[in-house]
Participant: 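Here you go, one structure.
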Amino acid sequence: EWLYMSENGALPRLGKVLTADTMNANVKKVDYAVRGPIVQRAVQIEKELKEGVKKPFEEVIKANIGDAHAMGQRPITFFRQVMALCTYPLLLDDNKFPEDVKNRARRILQSCGGNSIGAYTTSQGIDCVRHDVANYIQRRDGGIPSDPDNIYLTTGASDGIVTILKLLNTGEGRTRTGVMISIPQYPLYSASIAELGAVQVNYYLNEEKCWSLDISELQRSLQAAREHCNPSVLCIINPGNPTGQVQSRQCIEDVIQFAAKENLFLMADEVYQDNVYAEGCEFHSFKKVLFEMGPEYSSKVELASFHSTSKCYMGECGFRGGYMEVINMDPEVKAQLTKLVSVRLCPPAPGQALMDLVVNSPQPGEPSHQTFMKERTAILSALAEKAKLTEQILNTVPGISCNPVQGAMYSFPRITLPERSINEAKAKGQAPDMFYCMKLLEETGICLVPGSGFGQREGTYHFRMTILPPTDKLKTLLNKLKEFHQKFTQQYS
């Protein structure tokens, strides 16, 4: 077929340059469950409700993603006051704002080009913010020094994690980089590994022992992977997502010894470091344990650790603030890392400013201190209460078993599915827990993510649910879930 464009030549009618066949094949392998098909359907259902379509429920409850403010958590006053002044400095003349808020805003603005948060910052992040982050880490870890030069401010923790994976990714065939990730894992990891064309190496957490990590399982996973790739990275999420476990100090020490022995680069995702609820559990940073183990380890083991403004008591996901600290990174590689981050110019300045407030919050004696502490405590104790509530109610349901939610913001209960529902799901080409979650959404308006989106042991089924909804809404959600599970089980037995 010819398409005549002009007298002097015809152009053939060609297909599109970019098609599903010609596009980057790695991108097609990317799967990101927490915003996957279930959520797309949930958004559709919300539209239908608005248009007046009758459903057996009034609203969609999205418990699929750790988005605190979307679930009704109120922002911390101090943070938002300072951010308001940074964004609109004329408010510095307004007497509605406490003095410490104004001082903080002035300090941040003075570190910005042209005293404006609209200016680019240095690529590694605003200097004074990196110093504040280093001081925070030093206080958190009981005095172990932190060098601001090892701090990189990032666009949320996700951006730092992907950047480090880029640096580590190399090789072809059997020499390709293998990245060890926990199963269940947060799908940022599997998605980034797929996009980069690296090799995902699974190690399984022990559900029977409250999702703990066994070194023997790391060893098994590593040996198996060495047959087909070059495993050189070990990723740890602590407190755990989606599983909510908090690692013991001993466990972290074992992991560091394992990494040293097997020559692995350690990535510690510590974005939930303030979210620890269970009795006898405590957050220990990998950096702190590494240095307490002495120079034999602390001068050798390569570690990148990550934090964010999106979780803990802040829940400021939309600001995309975060940082990473790199330890024992080869100086030449570090220069390359700095080059790589400079290509993207800089992380968002408002996110950097917010990160600064998180690591340098109001101190005793400052006018904002009392309100700040009251708000912070209220949020964290409400989460602790909701963690308990979730575990208790779910464990009253025959066919659902839920480990204690020791930390983070999720429960990852195991569900027993009747054989008939498993067969029906497979006939539809769906994972059995996806089939379950879709039905739950259609019948109750509750949006959860199936365990298959995070990985799970063959033959087991789970879902991930955030504990973020307000307590009354969470109770409603859990009771609806209970009813649904009983009905589902009857329907398919």
Side-chain angles (χ1 to χ4, degrees), residues 137 139-144 157 180-186 189 202-222 233-262 264-294 296-298 300-307 311-312 325 327 380 383-384 387-388 390-391 401-414 454-457 464 467:
I137 292 173
R139 280 195 312 277
R140 180 198 68 189
D141 294 344
I144 291 159
M180 298 180 71
I181 60 174
S182 64
I183 297 295
Q185 52 103 30
Y186 175 55
Y189 291 90
N202 296 340
Y203 65 88
Y204 290 89
L205 299 174
N206 185 341
E207 185 169 11
E208 278 60 50
K209 290 193 187 157
C210 203
W211 298 114
S212 64
L213 195 166
D214 301 329
I215 297 299
S216 58
E217 169 56 17
L218 286 181
Q219 198 67 62
R220 177 209 64 78
S221 159
L222 184 73
V233 197
L234 172 56
C235 301
I236 307 278
I237 309 174
N238 177 48
N241 174 8
T243 41
Q245 82 289 7
V246 177
Q247 286 190 340
S248 67
R249 196 188 173 292
Q250 184 56 54
C251 175
I252 294 172
E253 207 168 298
D254 295 345
V255 169
I256 291 171
Q257 276 174 345
F258 176 79
K261 181 172 85 102
E262 301 294 351
L264 300 169
F265 188 106
L266 266 179
M267 291 175 66
D269 178 339
E270 298 174 330
V271 301
Y272 297 99
Q273 51 191 267
D274 292 325
N275 301 103
V276 176
Y277 318 120
E279 283 297 306
C281 283
E282 200 190 326
F283 170 74
H284 301 277
S285 77
F286 266 77
K287 160 109 186 273
K288 172 174 146 261
V289 177
L290 176 63
F291 278 79
E292 286 172 351
M293 287 168 73
E296 177 194 352
Y297 293 99
S298 63
K300 171 184 168 202
V301 175
E302 293 152 82
L303 168 71
S305 54
F306 306 89
H307 195 18
K311 309 299 174 190
C312 299
E325 181 181 30
I327 304 288
L380 290 174
L383 283 169
K388 252 203 184 79
T390 302
E391 176 202 346
S401 68
C402 180
N403 269 318
V405 180
Q406 297 175 333
M409 300 179 167
Y410 316 94
S411 63
F412 196 67
R414 184 161 171 176
F454 300 90
Q456 53 199 350
R457 278 197 186 275
R464 185 187 82 162
I467 61 169

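Predicted model, so just to flag it, every value in this text is computed and none were measured.
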Participant: List the atom of C312, the atom of V271, and the distance in Å for their closest heavy-atom pair.
Facilitator: SG-O, 3.4 Å
Participant: Which is it for R414 and E207 under the salt bridge (Lys or Arg N to Asp or Glu O under 4.0 Å) test, yes or no, and what are the steps along the way?
Facilitator: CA-CA 9 Å; R414 184 161 171 176; E207 185 169 11; 3.5 Å; yes
Participant: Does a salt bridge link R249 with E253, judged by any charged N lying under 4.0 Å from a carboxylate O?
Facilitator: yes
Participant: To the nearest 0.5 Å, what is the distance between CH2 on W211 and CD on Q406?
Facilitator: 12.5 Å
Participant: To the nearest 0.5 Å, tell me how far M409 CE sits from T390 OG1.
Facilitator: 13.0 Å
Participant: Looking only at heavy atoms, which two atoms of G455 and F412 are closest? And how far apart?
Facilitator: O-CZ, 4.2 Å
Participant: Specify the closest pair of heavy atoms between L380 and D274, including all atoms of both residues, with the distance to one decimal.
Facilitator: CD2-O, 3.7 Å
Participant: A quick test of your reading: do over 12 heavy atoms of other residues, nucleotides or ligands sit less than 6.0 Å from NZ of K388?
Facilitator: no
Participant: Give, for atom CD of Q185 and atom CD1 of I236, the distance between the pair rounded to the nearest 0.5 Å.
Facilitator: 13.0 Å
Participant: Please check this pair: side chain of K300 against backbone of A260, looking for a donor-acceptor N/O pair closer than 3.5 Å.
Facilitator: yes
Participant: Tell me whether Y203 contacts the main-chain N or O of Q219 through its side chain, where contact means a donor paired with an acceptor under 3.5 Å.
Facilitator: no
Participant: Return yes if some donor-acceptor pair links the side-chain N/O of S298 with the main-chain N/O of L290 below 3.5 Å, else return no.
Facilitator: no
Participant: For the pair Q247 (side chain) and I252 (backbone), establish whether a donor and an acceptor sit closer than 3.5 Å, ignoring hydrogens and angles.
Facilitator: no
Participant: Just verifying a value: how many Å separate Y204 OH and E217 CD, rounded to the nearest 0.5 Å?
Facilitator: 8.0 Å
Participant: Go through the side-chain N and O atoms of Y189 and D269 and say whether any donor and acceptor fall under 3.5 Å apart.
Facilitator: yes
Participant: How long is the gap from CZ on F291 to OG on S285, to the nearest 0.5 Å?
Facilitator: 10.0 Å
Participant: Between CG of L205 and CG of N403, what distance do you get to the nearest 0.5 Å?
Facilitator: 10.5 Å
Participant: Examine the side chains of Q245 and K209 and answer whether a donor and an acceptor come within less than 3.5 Å of each other.
Facilitator: no
Participant: Looking at every non-hydrogen atom in both residues, tell me the closest pair between L383 and I467 and how far apart they are.
Facilitator: O-CD1, 3.6 Å
Participant: Salt-bridge test for E270 and K287: reply yes if a basic N is under 4.0 Å from a carboxylate O, no otherwise.
Facilitator: no
